[in-house]
Amino acid sequence: MASVLEIKELHVEIDGKEILKGVNLTIKQGEIHAVMGPNGTGKSTLAQAIMGHPRYEVTQGEVYLDGEDVLEMEVDERAQAGLFLGMQYPSEISGVTNSDFLRSSINAQREEGDEINLMQFIKQLDKSMEELEMDTDMSTRYLNEGFSGGEKKRNEILQLMMLEPAFGILDEIDSGLDIDALKVVAKGINHLRGDDFGALIITHYQRLLNYITPDNVHVMMQGRIVKSGDKELAERLEAEGYDWIKEELGIEDETIGAE
Amino acid sequence: MATDLNEFVINRDEIISAAKARGESDLMIRKKEAALDKIDSLEMPKPDKTKITRWDFFSVSNPVTEGTIYDSLDDLPDSVQELLDREQTRNIYVQHNNTPAFLRVSEELKDKGVIIESIAEASENHPELVEKYFMTEGVKMDEHKLTAYHAAMLNGGIFVYVPKNVKIEDPVQMVLLHDDEKASLFNHVLIVADEGSELTYVENYLSSVEESSEQINIISEVIAKDNAKVTYGAVDFLAEGFTGYVSHRGVAGRDATVDWALGLMNDSNAIYDNTTYLMGDNSSSNLKTVVVGRGSQTQNFTTEIVQYGQDTVGHILKHGVMRDAATGIFNGIGHIKDGGTRSDAQQESRVLMLSEKARGDANPILLIDEDDVTAGHAASVGRVDPIQMFYLMSRGISRKEAERLVIHGFLAPVVKALPVESVKNQLRDIIELKVLAK
């Protein structure tokens, strides 16, 4: 049965300031949802809050994964339950090689005594890295340390491909990428597309969606989803910008705290 | 009743007659007499930011204890065997408490004139060499009360001499096994690398008892003559309860290099002095230290490179982890003397705190008496970054495992610098034990 991620009436604060003001969204496996919107409307907050970022406080609402209360889970438990967050600014961790980190991550999702076979791991890693056109030395480099912006993004997608989560939440995975890198990243995500993968892609450019066709498109303003549609909505946003939505909804300033 | 513990009473005649009764060499007895003549007039050292006036540096149950002598490598206890890389370790000295317990030196090195002997034996067999370098250039006997005390009480150690242009490829290893609660370690390591020679030396001090209330007073001196290169690795893991004074000093001649990678993992209160004197032009020293403090231990790590020569390079890197209620003071001093033109002094100290009660302090100091130099420092004291933890945990890694990865990663730059694979692994294991054990 396909897994379901449900976000209900989610309110989130950072340092006492309310950013999300009641977000509702349901994603099923097999679906790719895109959340779009101008800067400062709460898109990244949604992604971080679902994963449990320590700075983001959920003050109201629920998140369920197949009926399980995600907000009650520790961050690692959320990952083990099937959530993955591809980050906009991945941490650099000195002294921990990329491949050791990946292996620890994979093994964390498996039972003790059932750790991944080393050869199998290396094979899978080589294959995924090749697909993402990553230099082989990146597996022995320290985790994200000294990686360029594009390398970090590819590395996030590499982790996504290796961990094969039920749901991938991708927070502005396209920012700072040139067109070639964007194509590679899209290829990685499309590779996972299928009945047992759902995605929430957060972006404020439509261009990523030229390569990954979304099933559903949502527009965020003022900390809420204000409009939903299919891929044609994204195309219209690309052609006309956001002003027509603001006009339609009577919003003057779409950023948070401006209403 | 003496309230100031540093006001100690020492019986000169008793120490000397005991040394004679043990059959110590004439040289050692002369050194001990000289130290005892001076000791009362000397001051205690004053490590910056650590008050040691109440520390008990002078309680000793037995000046010398009897240990076991082993006939072969196979007879050595498992804890020692684990440290040996059988392929690589052809030159090894094992000391059991205060007793020289096992020595093996490859024939090849003997033929080349390399000397590897216990300090006691060397002072008998090569008195002129030992006398020339013993507490003369690296650490002066009368530097302070604890150095004189060291000379007076000396009860173990190793002497290594590498003749001109001899390059030793296999490391020389010293393992000191401490398993007698009543043993005090007044150990002296004296390494002399003659012109153009090369040596890698690794030491392990290891306790298999839980606790001791005795003394650690260890001095290591490395003399690298012109164009010589010495790489010194250490993993010290002695029990809690000792009072420690540990000094690692190097002296580098022209074009010489003295590099250190020290894993200072002792569980007792201790003051550490790690200093290199770059005397010759174009000499260099890379000084790396890794530390984990736990329990309620207080430690002071004072690290200094004094650069006299022109075009010298002195780099200090210290990484420390403090947990429980441990205190770690990290003083780093880069000192370029007048005349040290075009020299470079860099240092970096990083302290990671794992608990509310732990205390860490990083104090970088640059003393520059010359204009045309480059120098820099970086220091930080902080906790494990919650954003890093979030990142690792978001991949399913547990909090404990994530913290483990961050800590190993944090300490890796020094662990990697250790010269022998088995010793690297030992240090990783000790870090694991000290950081994660409850």
Side-chain angles (χ1 to χ4, degrees), chain A residues 47-56 73-98 100-112 141-145 152 155-156 158-160 162-171, chain B residues 261 263 288-292 317-321 348-352 354 378-418 424-425 427-432 434-436:
Chain A
Q48 303 284 356
I50 296 170
M51 205 67 218
H53 189 289
R55 274 191 66 207
Y56 296 68
M73 298 178 190
E74 285 278 350
V75 175
D76 55 325
E77 293 169 335
R78 297 181 197 203
Q80 287 169 15
L83 298 181
F84 177 94
L85 174 62
M87 306 212 189
Q88 190 180 356
Y89 305 109
S91 291
E92 299 189 2
I93 297 173
S94 186
V96 178
T97 64
N98 217 5
D100 282 351
F101 162 67
L102 268 168
R103 204 141 63 92
S104 296
S105 302
I106 291 171
N107 285 332
Q109 326 239 351
R110 299 166 75 117
E111 294 294 316
E112 222 178 295
R141 282 168 65 186
Y142 291 152
L143 181 52
N144 293 324
E145 193 178 70
K152 282 183 182 168
N155 205 34
E156 292 295 288
L158 176 69
Q159 294 168 41
L160 176 74
M162 295 291 287
L163 290 169
E164 300 178 320
F167 289 99
I169 303 161
L170 305 172
D171 186 12
Chain B
K288 297 181 179 175
T289 308
V290 66
V291 171
V292 177
L317 176 70
K318 289 194 282 190
H319 281 198
V321 172
E348 185 181 332
S349 291
R350 307 273 178 209
V351 188
L352 194 60
L354 297 187
S380 65
V381 178
R383 303 194 180 280
V384 176
D385 179 0
I387 306 303
Q388 283 189 341
M389 292 293 287
F390 172 62
Y391 186 66
L392 294 170
M393 289 174 72
S394 78
R395 302 310 186 234
I397 296 171
S398 69
R399 183 174 296 279
K400 195 175 163 190
E401 177 67 10
E403 202 169 81
R404 197 187 140 255
L405 283 174
V406 170
I407 291 164
H408 275 288
F410 174 73
L411 300 176
V414 180
V415 177
K416 263 182 18 187
L418 277 168
K424 260 185 228 183
N425 291 335
L427 181 55
R428 286 195 193 99
D429 291 348
I430 294 172
I431 289 168
E432 188 86 28
K434 288 198 74 167
V435 168
L436 297 173

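The chains referred to below are lettered A, B, ... by the order of the sequence lines, with proteins before strands, and numbering in each begins at 1. Excluded from the calculations below are hydrogen atoms, water molecules and symmetry mates; all remaining heavy atoms, backbone and side chain alike, are included.
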So, the part of Tyr142(A) with a heavy atom under 4.5 Å from chain B: the answer is side chain
If one checks every heavy atom of Gln388(B) against chain A at 4.5 Å, the contacting part turns out to be both
So, the part of Leu102(A) with a heavy atom under 4.5 Å from chain B: the answer is neither
Could you check whether Lys400(B) pairs with Glu403(B) (Lys NZ or Arg NE/NH1/NH2 to Asp/Glu carboxylate O, under 4.0 Å)?
no
To the nearest 0.5 Å, atom CG of Leu427(B) lies from atom NZ of Lys416(B) at 13.5 Å
If you define the side chain from C-beta out and look only at heavy atoms, does anything of His319(B) sit under 4.5 Å from Pro413(B)? yes
Residues passing the side chain to side chain donor-acceptor pair (under 3.5 Å) test with Asp100(A), sequence neighbours excluded, are Thr97(A)
If one checks every heavy atom of Leu85(A) against chain B at 4.5 Å, the contacting part turns out to be both
When every non-hydrogen atom of Ile93(A) is compared with those of Tyr391(B), the smallest separation belongs to CD1-CD2, 4.3 Å
Original post:
Does one side chain, of Arg110(A) or Asn107(A), offer a donor that lies under 3.5 Å from an acceptor on the other?
Top reply: no
Per-residue tally against chain B (heavy atom, under 4.5 Å) across Gln109(A), Gln80(A), Met87(A), Arg78(A) peaks at Met87(A)
Assert top hit (heavy-atom pairs under 4.5 Å, partner chain A, pool Ile387(B), Ile397(B), Val406(B)) equals Ile397(B)
For His53(A), the ring-ring contact (aromatic ring centres under 6.0 Å, His included) test, sequence neighbours excluded, returns Tyr56(A), Phe390(B)
Cut-off 4.5 Å, heavy atoms of chain B, and the answer for Glu77(A) is neither
Looking only at Ala79(A), Ser91(A), Ala81(A), Ala108(A), most heavy-atom pairs under 4.5 Å shared with chain B are made by Ser91(A)
From the list Arg399(B), Met389(B), His408(B), the residue making the most non-hydrogen contacts under 4.5 Å with chain A is Arg399(B)
